[in-house]
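Counting convention: from 1, in listed order, for ligands and their atoms alike. Residues: numbered from 1 along the sequence shown.
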Amino acid sequence: MHSSIATALLTVASSVLAQDFSNDGNYGSPFPDTTYPGFESTNPYAIAGSLSNQTSPPKYPSPWGEGLGEWASAYSKARAFVSQLTLEEKVNLTTGTGWELDRCVGQTGSIPRLAFRALCLQDSPVGVRDTDFNSVFPAGVNVAATWDRGVAYARGQAMGYEHKGKGVDVQLGPVAGPLGRTPEGGRNWEGFSPDPVLTGVMFAETIKGTQSAGVMTSAKHYIAYEQEHFRLVPDSVNYGFNITASDSANFDDVTMHELYLWPFADGVKAGCTSVMCSYNQVNNSQACQNSYTLNYLLKGELGFQGYVMSDWLGTNSGVASVLAGLDMTMPGDSNAYDSGDSYFGANLTVAVLNGTVPAWRLDDMAMRIMAGFYFVETNITRDPINFSSWTRDTFSYEHYFVGEGWTQVNNHVNVRSDHANLIRSIGARSTVLLKNVNNTLPLTGNEPLTAVFGDDAGPNSNGPNGCPDRGCDDGTLGMAWGSGSAELPYLVTPDTAIQNTVLAAGGAYESVLSNGALDKMGSLARRANVSIVFANADSGEWFVQVDRNLGDRNNLTLWQGADEAIAMVAGSCSNTILVVHSVGPVLLEKYASNPNITAILWAGVPGQESGNSIADVLYGHVNPGAKLPFTIGANRTDYGTDVLYTPNGDVPQIDFREGVFIDYRAFDSHNSTPTYEFGFGLSYTTFNYSNLQITKLDAGDYVPFTGYTSEAPTYGNFSTDPAAHLFPANFSRVPLYQYPWLNSTNLTEASSDPQYAAPGSFPVNAQNGSAQRIPKAGGAPGGNPMLYDVLYRVQATITNTGSVAGEEVPQLYISRGGPHDPIRELRGFERLSLQPNGSTTFSVDVTRRDVSSWDPVEQDWVVRNTTKRVWVGRSSRKMELEGVLA
Ligand SMILES: *[C@@H]1O[C@H](CO)[C@@H](O)[C@H](O)[C@H]1NC(C)=O
Ligand SMILES: *[C@@H]1O[C@H](CO)[C@@H](O)[C@H](O)[C@H]1NC(C)=O
Ligand SMILES: *[C@@H]1O[C@H](CO)[C@@H](O)[C@H](O)[C@H]1NC(C)=O
Ligand SMILES: *[C@@H]1O[C@H](CO)[C@@H](O)[C@H](O)[C@H]1NC(C)=O
Ligand SMILES: *[C@@H]1O[C@H](CO)[C@@H](O)[C@H](O)[C@H]1NC(C)=O
Ligand SMILES: *[C@@H]1O[C@H](CO)[C@@H](O)[C@H](O)[C@H]1NC(C)=O
Ligand SMILES: *[C@@H]1O[C@H](CO)[C@@H](O)[C@H](O)[C@H]1NC(C)=O
Ligand SMILES: *[C@@H]1O[C@H](CO)[C@@H](O)[C@H](O)[C@H]1NC(C)=O
Ligand SMILES: *[C@@H]1O[C@H](CO)[C@@H](O)[C@H](O)[C@H]1NC(C)=O
């Protein structure tokens with residue numbers, strides 16, 4: 001009944017079943033703890049607040065949306081719409097119909113009475129997943145490497161148009177969790193950078209860009225989803241790990257605010273329409289039913305007006321999740337795909353009828369979803385969904401998993417437009433030049449013999465989409481693996497693009513694309529005028545394992561036998577250029593100091609135009625201006641944080657004892673010298689920094705927010721008689737599908753929930769719809785608006801002192817000056833374009849938030865009475881100008 005794609009998906013899943021990783025021991029990390037000895041934060045809050053088995057405080061009721069800030073008009077439209085809805089229609093908006101039971105990776109119920117078709121939720125953060133004639137964009141980590149707000153916006157918008165063109169309502173992205181606590185983390189590349197400010201800016205610009213195309217975003221994964229190992233129990237058991245609940249990220253309120261929550265505040269301020277809660281637990285409470293992170297932080301303090309959706313199978317309960325702030329469950333099934341039952345659906349209808357979920361709470365769920373809809377769209381009449389995620393065939397089943405409804409499911413709509421140019425340009429503008437001895441680069445194109453080496457320069461022998469979900473490392477790394485991938489329309493390899501360039505210039509070109517062919521590499525390298533060797537390191541989501549990497553990387557070294565290939569080529573040719581495609585940091589120390597390696601480029605995960613992008617940089621059509629969005633350390637242990645690879649209990653406990661000291665904050669506080677520091681990147685020209693100016697602006701004093709919400713509003717009414725909520729007569733059901741109607745007038749029977757939850761068994765205030773005090777740090781989307789007041793303007797003059805046009809990213813760092821604060825923290829940056837001898841002003845508005853610290857007792861941000869230094873530098877280690885904010 002199922003076509004080959006579903007079979008392929010099932011095969012991937014069952015190949016996992018066959019493997020036992022449980023006895024591998026702690027092969028990944030040299031220490032059992034995820035914070036290495038000596039890397040603990042000195043902040044007593046961080047230590048006291050990162051204990052195994054600690055709990056998360058209850059915070060109820062779940063705040064109702066009120067149309068704050070820019071949301072007023074979306075709320076008034078949503079109010080008009082939701083007021084017309086029946087109980088079942090509201091429930092339909094909140095519940096996915098089930099895995100592979102409709103066309104999109106997630107699809108809600110519909111409201112046929114009002115001609116409101118189902119909402120289509122679709123991966124991924126690099127392009128429309130599981131379809132054809134879409135583009136594949138550079139990964140988030142590349143966007144971060146551009147340090148260019150315009151790039152983030154333009155890419156978001158282009159991806160938004162592609163989703164729109166397929167009939168998608170919600171693009172499942174962008175990513176700010178994982179943030180990148182550990183460089184090995186499998187999905188870091190889907191997001192941006194371990195720096196919260198760089199991530200926050202790119203996250204917000206992507207959200208604005210995507211939503212400008214009339215597509216909702218799902219800002220994910222909320223929160224502290226920093227590793228793949230042990231995120232879900234069934235996956236863990238499949239790999240042979242005996243755990244009973246998802247891992248718990250244990251950390252304190254200061255680290256939460258100053259690091260992990262920071263970019264989500266930017267996302268909420270930018271108007272993200274939904275937030276996806278993550279698989280992990282936070283302080284031993286599931287992220288999708290954690291009242292502290294959802295009710296108190298996200299909807300309370302950050303004033304989030306949109307809706308919270310679960311990650312796929314990330315819902316762990318019905319009533320408890322709803323009261324803790326979950327608004328939509330995806331893909332609808334509870335516990336297992338196609339289980340045929342749901343925590344929401346009929347269960348939610350029952351829970352409202354039996355009074356455990358107050359009517360105002362369901363109304364708030366429906367309101368938040370429809371307000372998100374109206375925030376980006378004007379008309380409930382939309383083009384139909386014109387593709388099916390489950391097959392590329394033109395005809396197949398509408399309800400794929402159960403083989404019902406044969407019809408045309410794919411219209412093969414080409415949504416690529418001219419996005420290839422943007423993709424090629426972002427690929428080049430995100431390539432970081434790390435080493436360039438004596439102007440080795442750019443190449444002139446007049447080299448008599450150019451030689452290219454490495455598996456990473458060539459194609460996947462099974463085609464660009466040869467491995468489902470890109471779950472292999474075969475050929476060049478254009479994209480990493482997991483649900484954050486998409487089908488490539490083509491993949492321009494470095495081999496093809498460099499050959500085209502060399503041949504056009506009349507040169508000779510040879511390549512050896514197998515790292516196993518070391519002898520052939522050596523003999524070619526000895527003859528070549530320039531040798532370009534490609535290497536990579538991959539990672540992804542842990543439903544696929546590649547070479548025994550369960551999503552997270554087991555090491556920080558190169559893959560595909562690239563180290564041996566590099567040794568051979570560099571040992572044979574004194575003009576060797578190394579190009580690295582990788583998901584994050586890789587250890588390059590020995591290459592940085594090798595005299596035969598004359599240039600090193602980091603090209604990230606660049607998408608479909610990979611080869612053209614790197615050729616543009618190698619031959620100087622694009623002058624590199626990118627900077628590292630993470631630290632490349634000399635040793636794995638220098639990072640001080642690592643993945644937990646072996647469970648340390650039935651419920652793995654990951655204690656974030658380093659607090660905010662991840663990536664460069666850890667390197668700085670340990671005074672350890674990285675190979676290439678955060679923010680580092682060279683150019684084909686040179687830049688001078690001068691004339692620091694600091695202007696204090698009169699923003700006035702901070703006033704903690706005071707005030708109350710309205711009482712919880714309700715919209716429309718419904719019959720409390722269960723008989724009014726039965727399935728309509730003669731209704732033809734799709735098997736395994738989630739519906740909002742009841743099977744029986746006996747509510748207990750209709751719910752068939754074995755765990756009877758008595759009315760008194762709910763947390764205090766969970767059902768309280770009276771006016772609530774708004775947190776001091778709250779009051780508007782993104783938090784208290786006064787946090788964004790500009791306190792200082794810092795300016796400097798940047799001059800291009802070389803002979804070619806180029807781009808530079810000056811960076812502003814501050815020290816907050818407290819005894820437990822990082823030595824420096826990024827607070828501003830701008831990508832500037834400068835002609836030779838050209839000068840321009842770099843200007844950063846330093847906000848109150850930028851100089852504030854989170855006070856866990858006050859539960860508010862405070863500006864401490866400390867000396868606050870400020871630097872403008874070309875990287876996190878190369879400070880050119882220094883001053884004091886006074
Ligand atoms: C955490 O709880 C588990 C299960 O109750 C227990 O085995 C373990 O010793 C506890 N760990 C700590 C550090 O208290
Ligand atoms: C709920 O959605 C399903 C699937 O789209 C649809 O068949 C059903 O009619 C909807 N129910 C209501 C009450 O609108
Ligand atoms: C898994 O752990 C539980 C509780 O620690 C234990 O009862 C069970 O026997 C274990 N199962 C396997 C397959 O080891
Ligand atoms: C309601 O949820 C419970 C699990 O909490 C499940 O056992 C039951 O089958 C669900 N009922 C429906 C109608 O989906
Ligand atoms: C919504 O779209 C439909 C179909 O294109 C059109 O007939 C209708 O006028 C539109 N309504 C509004 C309010 O724009
Ligand atoms: C760079 O060029 C200078 C001047 O030509 C030369 O002295 C030096 O050896 C060169 N360095 C390397 C590493 O090739
Ligand atoms: C690191 O992992 C990759 C991928 O599994 C593997 O190819 C490589 O050999 C490993 N490196 C070392 C030094 O073991
Ligand atoms: C550099 O390359 C030359 C060949 O051009 C080789 O003889 C020499 O051993 C290489 N040096 C290193 C350090 O590999
Ligand atoms: C109400 O319904 C929900 C959902 O089916 C169920 O979990 C809960 O136990 C019920 N509570 C009461 C008091 O009937």
ask   = For N746, does the CG atom have more than 12 heavy-atom neighbours from other residues, nucleotides or ligands under 6.0 Å away?
value =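 Yes, enclosed.
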
inquiry  = Is G345 close enough to touch ligand 4? Criterion: a residue heavy atom under 4.0 Å from a ligand atom.
reply    =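 Heavy atoms of G345 never come under 4.0 Å of ligand 4.
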
request  = Say whether S752 and ligand 4 are in contact under the criterion: heavy-atom distance to a ligand atom below 4.0 Å.
outcome  =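 Under 4.0 Å: yes for S752.
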
For [X] versus [Y], what's the shortest heavy-atom pair and its separation?
X    : Y    : value
S334 : D341 : OG-OD1, 2.5 Å
Y639 : G633 : OH-N, 2.8 Å
I369 : D327 : CD1-O, 3.8 Å
A480 : S539 : CB-O, 3.3 Å
G471 : V544 : CA-CG1, 3.7 Å

message = If the cut-off is 4.0 Å to any non-hydrogen atom of N549, which atoms of ligand 7 fall inside it?
response =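 Near N549, the atoms of ligand 7 are 4 (C), 5 (O).
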
task = Would you mind listing which atoms of ligand 7 come within a distance below 4.0 Å of any non-hydrogen atom of T557?
result =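 Close to T557: 1 (C), 10 (C), 11 (N), 12 (C), 13 (C).
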
inquiry  = For W542 and F241, take the angle between the two ring planes, folded into 0 to 90°, and tell me which bin it lands in: parallel under 30, tilted 30 to 60, perpendicular over 60.
reply    =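 Parallel: the ring planes of W542 and F241 meet at under 30°.
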
message = Below 4.0 Å from ligand 7: does a non-hydrogen atom of N554 turn up there or not?
response =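 No; N554 lies far enough from ligand 7 that no heavy-atom distance drops under 4.0 Å.
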
Residue, atom name and distance, where the atom is the protein heavy atom closest to [atom]:
atom                    : value
atom 1 (C) of ligand 4  : N347 ND2, 1.5 Å
atom 10 (C) of ligand 7 : N555 ND2, 2.5 Å
atom 13 (C) of ligand 9 : A757 O, 2.9 Å
atom 14 (O) of ligand 4 : S342 N, 3.0 Å
atom 3 (C) of ligand 9  : N354 ND2, 3.7 Å
atom 7 (O) of ligand 7  : D547 OD2, 3.6 Å

query = What atoms of ligand 4 come closer than 4.0 angstrom to any heavy atom of Y343?
reply =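 Checking each atom against Y343, I get 4 (C), 5 (O).
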
request  = Give the numbers and elements of all ligand 4 atoms closer than 4.0 Å to a heavy atom of S751.
outcome  =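 In order of number, 1 (C), 8 (C), 10 (C), 11 (N), 12 (C), 13 (C).
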
Side chains of W189 and N142 in contact at under 4.5 Å (non-hydrogen atoms) =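 No - every pair of side-chain heavy atoms lies 4.5 Å or more apart.
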
message = Here's a test for you: under side chain to side chain contact (heavy atoms under 4.5 Å, CB included), which of L556, V583, T641, N555 qualifies with E184?
response =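 The side chain to side chain contact (heavy atoms under 4.5 Å, CB included) with E184 is passed solely by L556 among L556, V583, T641, N555.
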
Going by the atom numbers of ligand 9, which of them fall below 4.0 Å from some non-hydrogen atom of [X]?
X    : answer
Q755 : 9 (O)
Y756 : 9 (O), 12 (C), 13 (C), 14 (O)
D753 : 6 (C), 7 (O)

Quiz item: cation-pi between R548 and F21, 6.0 Å / 45° =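 R548 over F21 ring: yes.
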
ask   = Any non-hydrogen protein atom below 4.0 Å of atom 5 (O) of ligand 7?
value =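 Yes; the ligand atom in question has protein heavy-atom contact below 4.0 Å.
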
Which one holds for [X] and ligand 4: side chain close, backbone close, both close, or neither close, with close meaning a heavy atom under 4.0 Å?
X    : value
D341 : both
P754 : side chain
A750 : backbone

message = Go through it in stages, so that I can follow the logic: the residues are F453 and F534, the test is ring pair (Phe, Tyr, Trp, His ring centres under 6.0 Å), and I'd like the CA-CA distance, side-chain angles, deciding distance and then a yes or no.
response = CA-CA 6 Å; F453 300 92; F534 284 80; 9.9 Å; no

Ring centre gap for F731 and W741 strictly below 6.0 Å =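 Centroid separation for F731 and W741: below 6.0 Å.
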
